[in-house]
Amino acid sequence: NHDSPSFINAPQQLLSALDIHVIGHACTQIEDEVLLLKNKDQVVELIVCAVPYLRDKDIRTVGAGESVDDKAQKLLEGLQTHYDAVAAVAVAYQQQLPAPVPIVATGHLFTAGGQVQDGDGVRDLYVGTLGHFSAARFPQVFDYVALGHLHVPQRVADLDHVRYCGSPIPMGFGEAKQQKQVLIAEFTQQQRLSVQAIPIPTFQALAQIRGSWTEIEQQLTQWVDAQSSVWVEVMYTGDELISDLSERIKQLVVDSNVEVLRIQNHRIKQQVLHATTPTESLDELEPMDVFVRCLDSHQIPDTQRAELVAAFLEILTEHHES
């Protein structure tokens, strides 16, 4: 994942005693990212190119006067160079073995054409390159590429051997109706790959309600009367201004198995977004909303906005990574 490398690496030595390998950041020695996995007879059965989340600073050098497109191209080239390097090490190891074994690569990135779900919390990893890293850039020597970052289970470019297994549990209410799964990738002695999807049972029901107060009230009442155990996100989109929405909802579900975990009052949100008084609240605004309004207040021309937005996203990305 793209969490703190020191946090990921903290239990590294302890877990190694249990044959669990942890690679929290790009390694100085590229060989450290290539693992030879052995069976109980100490025979190598699998080579894993354990590529972690590659940070901007790991794969791109900054040059004076670079445009947004220059940065994007350097990032793509940096990603591909890293994967080419680990692939070369894996092939060198494989050539020393008595018989070929599968080579599996990992990755935490956004590939071209990747599907996302509204509200799943997936954020842009690299400024200007969102969705630009194509499956064709992965070295051909990889027999399977196991990807992370996108929560929706999917093939990449309709390839059986390049996949996101997706998150094992819903990461947001937008994924409430999504069937989660794990994947079993199996290789025969002829190096042929078969992938089996195992559905994960739903242990806690999630649901979204979007609509007017009447629609929200009716649905919550149905669940309460049916004694349903469900976690709910309420999105009020009605025309009526309801200042006590949270209180009304709490009264409806009190002493029931219905838990309303998130309430979005779009009527209030629109008031905040369009307010001009200095007393408005920032609670409903995203960082980019605030930055765009800053550009508006300073009357920044459209010709300069793309570069400024890209620079702001770059700062925001560094903040997330730190």
Side-chain angles (χ1 to χ4, degrees), residues 1 15-16 19-27 29-54 58-59 76-115 125 131-168 180-200:
N1 212 330
L15 291 175
S16 67
D19 282 338
I20 298 173
H21 304 273
V22 177
I23 309 291
H25 56 75
C27 298
Q29 300 296 323
I30 200 70
E31 294 83 2
D32 293 339
E33 290 180 27
V34 182
L35 309 174
L36 303 179
L37 303 190
K38 302 175 182 179
N39 62 17
K40 61 183 180 181
D41 299 320
Q42 296 303 299
V43 175
V44 175
E45 288 195 332
L46 185 69
I47 298 175
V48 178
C49 296
V51 180
Y53 166 57
L54 298 174
D58 296 329
I59 54 178
L76 288 174
E77 291 172 355
L79 286 166
Q80 186 163 8
T81 298
H82 193 95
Y83 275 100
D84 287 343
V86 294
V89 173
V91 169
Y93 284 157
Q94 190 182 61
Q95 290 173 346
Q96 299 171 17
L97 300 175
V101 298
I103 299 176
V104 171
T106 65
H108 192 100
L109 44 80
F110 201 133
T111 55
Q115 299 176 8
L125 289 176
H132 289 184
F133 195 84
S134 70
R137 289 180 174 270
F138 290 114
Q140 296 295 311
V141 298
F142 294 155
D143 297 295
Y144 188 80
V145 182
L147 295 173
H149 183 56
L150 301 187
H151 301 167
V152 181
Q154 58 195 281
R155 294 181 178 88
V156 177
D158 208 29
L159 297 171
D160 266 347
H161 76 290
V162 184
R163 298 200 187 209
Y164 290 92
C165 65
S167 59
K180 296 299 185 179
Q181 64 180 33
V182 292
L183 297 175
I184 297 179
E186 185 174 0
F187 293 92
T188 64
Q189 289 184 341
Q190 292 77 30
Q191 298 294 95
R192 291 177 182 168
L193 169 68
S194 66
V195 182
Q196 180 185 7
I198 308 296
I200 299 175

Self-check item: Minimal non-hydrogen separation, P52 against G24, with atom names
Solution: CB-C, 4.2 Å
Self-check item: ring-ring contact (aromatic ring centres under 6.0 Å, His included) partners of Y83, counting only residues at least two apart
Solution: F138
Exercise. Nearest 0.5 Å please: distance from the CD atom of Q140 over to the NE2 atom of H161.
Key: 6.5 Å
Quiz item: Which pair of non-hydrogen atoms, one from D58 and one from L54, has the smallest distance, and what is that distance?
Solution: OD2-C, 4.2 Å
Quiz item: Is the shortest heavy-atom distance from the side chain of V156 to the side chain of F133 under 4.5 Å?
Solution: no
For residues 94-106, please give each side-chain donor-acceptor pair under 3.5 Å, one per line with the distance, not counting sequence neighbours.
residue, atom, partner, partner atom, Å
Q94, NE2, V101, O, 2.5
T106, OG1, V51, N, 2.9
T106, OG1, V51, O, 2.9

Side-chain atoms of residues 30-38: list all donor-acceptor pairs with protein atoms under 3.5 Å, sequence neighbours left out, distances to 0.1 Å.
residue, atom, partner, partner atom, Å
E33, OE1, H82, NE2, 2.8
E33, OE2, C27, N, 2.8
E33, OE2, H82, NE2, 3.2

Quiz item: So, do Y93 and V44 sit near enough that their side-chain heavy atoms are less than 4.5 Å apart?
Solution: no
Quiz item: Take atom CD in E77; do more than 12 heavy atoms of anything else shown fall under 6.0 Å from it?
Solution: yes
Quiz item: At what distance, to the nearest 0.5 angstrom, does SG of C165 lie from CD1 of I198?
Solution: 12.5 Å
Self-check item: Listed partners of A92 passing side chain to side chain contact (heavy atoms under 4.5 Å, CB included), at least two apart
Solution: none
Exercise. Work out which heavy atom in Y164 is nearest to a heavy atom in L109; give both atom names and the distance.
Key: OH-O, 2.6 Å
Quiz item: Tell me, do V195 and R163 make a side-chain contact under 4.5 Å, heavy atoms counted?
Solution: yes
Quiz item: Given Y144 and L46, is the side chain to side chain contact (heavy atoms under 4.5 Å, CB included) satisfied, shown in steps?
Solution: CA-CA 11 Å; Y144 188 80; L46 185 69; over 6 Å; no
Exercise. List in chain and number order the residues that pass side chain to side chain contact (heavy atoms under 4.5 Å, CB included) with D19, two or more places apart in sequence or in another chain; answer none if no residue qualifies.
Key: none
Exercise. Taking N39 for its side chain and D41 for its backbone only, find out whether a donor-acceptor pair lies under 3.5 Å.
Key: yes
Practice problem: For R155, enumerate each residue passing the salt bridge (charged side-chain N to carboxylate O under 4.0 Å, His left out) test, keeping only those at least two apart in sequence or located in another chain. | Solution: D160
